[in-house]
There are 2 protein chains.
Amino acid sequence: MDAFSPLQPGELEFIEKYRSDMVDLPAGAQIIPEHRTSARLFTLYAGWAFRYKTLTDGRRQILNFLLPGDFIGLQEEFADGATPGVEAVTPVRLCVFARDGLWPLFREYPSLGYDITWLAAREEQWVDHHLVTAGRRNAMERVAMLLIHLYRRAERVGMAQDGAVPFPFNQQHIADALGLSLVHTNKTLRRLQAHGLHSLVDGRLRLLAPRSLERMADYFERPLRRSPLI
Amino acid sequence: MDAFSPLQPGELEFIEKYRSDMVDLPAGAQIIPEHRTSARLFTLYAGWAFRYKTLTDGRRQILNFLLPGDFIGLQEEFADGATPGVEAVTPVRLCVFARDGLWPLFREYPSLGYDITWLAAREEQWVDHHLVTAGRRNAMERVAMLLIHLYRRAERVGMAQDGAVPFPFNQQHIADALGLSLVHTNKTLRRLQAHGLHSLVDGRLRLLAPRSLERMADYFERPLRRSPLI
DNA sequence: CGGTAGATTGAGAGTCCTCAAGCTCTGTGG
DNA sequence: CCACAGAGCTTGAGGACTCTCAATCTACCG
């Protein structure tokens with residue numbers, strides 16, 4: 001697919017060997033439970049998921065969203081403290097890798113190690129992005145930002161059809177990603193919709209006025225680059 | 001130093017070869033200007049800095065803080081869009097590496113590539129951490145969290161003396177890191193101080209009631225691990 | 001036909017923001 | 001030696017944005 005870089009000779013074979021399994025999980029499943037380090041790494045092959053952290057009183061913050069092609073569980077390898085959880089939003093299919101195969105991968109195929117670093121850096125960029133949103137944008141701007149962000153990412157991996165992408169999240173997900181309350185998220189969403197900026201019907205998102213949304217959100221990302229795939 | 005892992009034979013020599021220069025910059029200098037990709041990578045050798053992004057109307061969000069040992073500029077290598085800026089808080093000393101030496105490093109010393117991935121993952125953890133703070137904690141909790149976080153990190157690299165660490169930031173820095181206004185940051189800081197939880201005198205931070213601060217901030221990080229150094 | 005998850009709406013309260021002014025400290029120049 | 005300017009800190013007041021509480025509504029399912 002156009003979204004991903006081609007692999008070098010030998011790399012695919014190594015990945016196949018490294019991959020220990022293929023797993024399907026239902027919507028809502030904990031791919032990696034919070035605070036628990038998993039002995040496995042994953043590549044999300046199909047479906048949607050998100051990384052999150054919760055405070056002891058239950059407040060939850062979604063750190064970023066995971067789409068097909070995203071690598072899961074790298075942070076846990078190097079974690080100092082509490083590790084985030086990873087939860088499936090839709091049914092997901094995962095490629096499973098043994099965690100202790102990570103170092104051999106770097107050693108034998110440095111190019112794949114480099115790719116993993118790329119993926120880690122890209123993921124951090126998205127968290128950076130969300131931190132700016134949560135820290136310095138108001139509710140209207142936050143929601144606009146998230147809608148554009150998710151649309152573009154879904155589009156990038158070929159999910160767009162007729163100007164719409166799947167949108168499997170409920171309003172609680174949006175609220176937890178943006179640092180807003182559920183109620184205020186709802187009101188903001190309705191307000192944007194009333195302005196004719198987007199539509200959200202039958203689990204599909206359509207940006208009706210992308211330029212207005214971008215202006216409102218102060219969105220300034222360039223087109224997403226082709227990324228490596230492990 | 002105890003905070004960093006020992007290097008393997010050969011690694012140090014390679015790093016020395018890879019390093020192209022050593023640079024000193026004054027407080028306030030832009031180590032990497034925002035939106036500009038630098039042809040160089042850095043390791044912060046001495047001093048304090050931070051990564052940040054700004055919106056077009058000037059609102060600024062500090063993404064994380066950089067202390068000695070931190071690697072700078074990796075995200076830019078893989079950036080899709082606008083890259084964050086990096087600014088010195090105090091005078092800093094930097095080890096400079098050519099960006100195009102990164103791939104040879106992975107190829108010739110996979111162990112160092114692995115270390116860089118470690119550093120990237122650790123940095124993302126901190127951004128995760130700050131995102132939870134900005135998204136789901138109130139002002140009191142945010143400030144408490146930041147004070148503990150910076151204290152622990154400074155302590156980890158040997159900056160603690162007599163129960164105090166250097167604190168070179170002004171209240172605008174704190175506000176921009178936490179997603180608060182300057183005024184509210186000030187009031188919150190004073191309130192914490194009035195409760196006897198911390199002291200901030202002559203640019204030195206002291207946690208007077210670390211347990212209370214941790215409880216207030218819902219802090220649950222374990223001791224920081226030894227980290228690799230490039 | 002209840003039961004549940006999710007969406008929606010209104011009302012009141014509270015946190016946090018903006019505006020504005022004054023204060024302290026430091027460095028500079030007359 | 002003192003006036004002055006600038007950066008950073010502090011405080012008060014009013015208002016705006018966002019939150020919590022509570023109730024209603026819809027869609028879907030067994």
Side-chain angles (χ1 to χ4, degrees), chain A residues 26-29 48 55 57-62 87-90 133-147 166-195 198-205 216-217, chain B residues 26-28 48 55 57-62 87-90 133-147 167-195 198-205 216-217:
Chain A
W48 299 68
L55 301 183
D57 66 0
R59 283 175 284 180
R60 181 175 74 167
Q61 177 67 42
I62 290 181
E87 183 177 318
V89 179
T90 63
T133 298
R136 286 301 183 203
R137 282 187 241 253
N138 65 31
M140 209 77 153
E141 297 166 341
R142 290 187 210 190
V143 174
M145 182 90 247
L146 189 64
L147 295 178
F167 194 87
F169 306 103
N170 62 30
Q171 298 187 350
Q172 188 66 60
H173 289 125
I174 302 177
D176 288 344
L178 298 177
L180 295 172
S181 71
L182 175 60
V183 173
H184 201 62
T185 298
N186 175 286
K187 289 174 180 172
T188 307
L189 224 27
R190 308 244 72 235
R191 201 131 55 102
L192 282 182
Q193 202 168 49
H195 284 255
H198 77 283
S199 88
L200 201 39
V201 188
D202 293 335
R204 295 187 69 78
L205 168 66
M216 171 176 292
Chain B
W48 300 67
L55 301 183
D57 66 359
R59 283 175 282 179
R60 182 175 74 168
Q61 177 67 41
I62 290 181
E87 181 177 319
V89 179
T90 63
T133 298
R136 286 301 183 203
R137 283 186 240 254
N138 64 31
M140 210 78 153
E141 296 166 341
R142 291 187 208 189
V143 174
M145 181 47 101
L146 189 63
L147 295 178
F167 194 88
F169 306 103
N170 61 31
Q171 298 186 350
Q172 188 66 61
H173 289 125
I174 303 177
D176 287 344
L178 297 177
L180 295 172
S181 71
L182 175 61
V183 173
H184 201 61
T185 299
N186 175 285
K187 289 174 180 171
T188 307
L189 224 28
R190 308 243 72 235
R191 199 131 56 100
L192 281 181
Q193 202 169 49
H195 284 253
H198 77 284
S199 89
L200 200 40
V201 188
D202 292 336
R204 296 187 68 78
L205 168 65
M216 171 176 292

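Chain identifiers are assigned alphabetically (A, B, ...) following the order of the sequence lines, protein sequences preceding nucleic acid strands; residue numbering begins at 1 within each chain. Everything numeric here is computed off the predicted structure, so don't read it as measured data.
Put simply, the side chain of B:Val183 reaches to within 4.5 Å of the side chain of B:Lys187, judged on heavy atoms.
Separating the NE2 atom of A:His173 from the P atom of C:dG6 is a distance of 8 Å, rounded to the nearest angstrom. Distance CG (A:Leu189) to C1' (D:dT18): 16 Å, rounded to an integer number of Å. Atom P of nucleotide C:dT8 and atom CD1 of A:Ile174 are separated by 10 Å, given to the nearest angstrom. Distance, A:Asn170 CG to C:dT8 C1': 14 Å, rounded to whole Å. Straight-line distance from the CG atom of B:Asp202 to the C1' atom of C:dT26: 14 Å, rounded to whole Å. What separates NE2 of B:His184 from P of D:dT18 is a distance of 14 Å, to the nearest Å. Distance, A:Leu178 CG to D:dC19 P: 10 Å, rounded to whole Å. Atom CZ of B:Arg191 and atom C1' of D:dT10 are 15 Å apart (whole Å).
OP1 or OP2 of D:dT11 lies within a sub-4.0 Å distance of a side-chain N or O belonging to B:Arg190. Applying the 4.0 Å criterion to OP1 and OP2 of D:dC9, one finds that B:Asn186 has every side-chain N and O outside that range. Taking side-chain N and O atoms only, B:Asn138 has no distance below 4.0 Å to OP1 or OP2 of C:dT15. Look at A:Gln171 and you won't find any side-chain N or O under 4.0 angstrom from OP1 or OP2 of C:dA5.
Other residues, nucleotides and ligands place no more than 12 heavy atoms under 6.0 Å from the CG atom of A:Asp202.
Residue B:Val183 has its side chain nearest to C:dC19 when only C:dC19, C:dC16, D:dA22 are considered.
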Steps toward side chain to side chain contact (heavy atoms under 4.5 Å, CB included) verdict (A:Gln172, A:Thr185) | CA-CA 8 Å; A:Gln172 188 66 60; A:Thr185 298; over 6 Å; no

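Across all strands, B:Gly28 comes closer than 4.0 Å to no nucleic acid atom at all (heavy-atom distances). Among the protein residues, A:Leu182 comes within range of no part of the nucleic acid, since none of its heavy atoms lies under 4.0 Å from any strand.
Between A:Ser181 and B:Lys187, the one whose closest nucleotide on DNA chain D sits nearer the 5' end is B:Lys187.
Shown here for B:Pro26 and B:Ala88, the closest heavy-atom pair between the two residues is O-CB, 3.8 Å. Nearest approach of B:Arg59 to A:Arg137, heavy atoms of both residues: NH1-CA, 3.9 Å.
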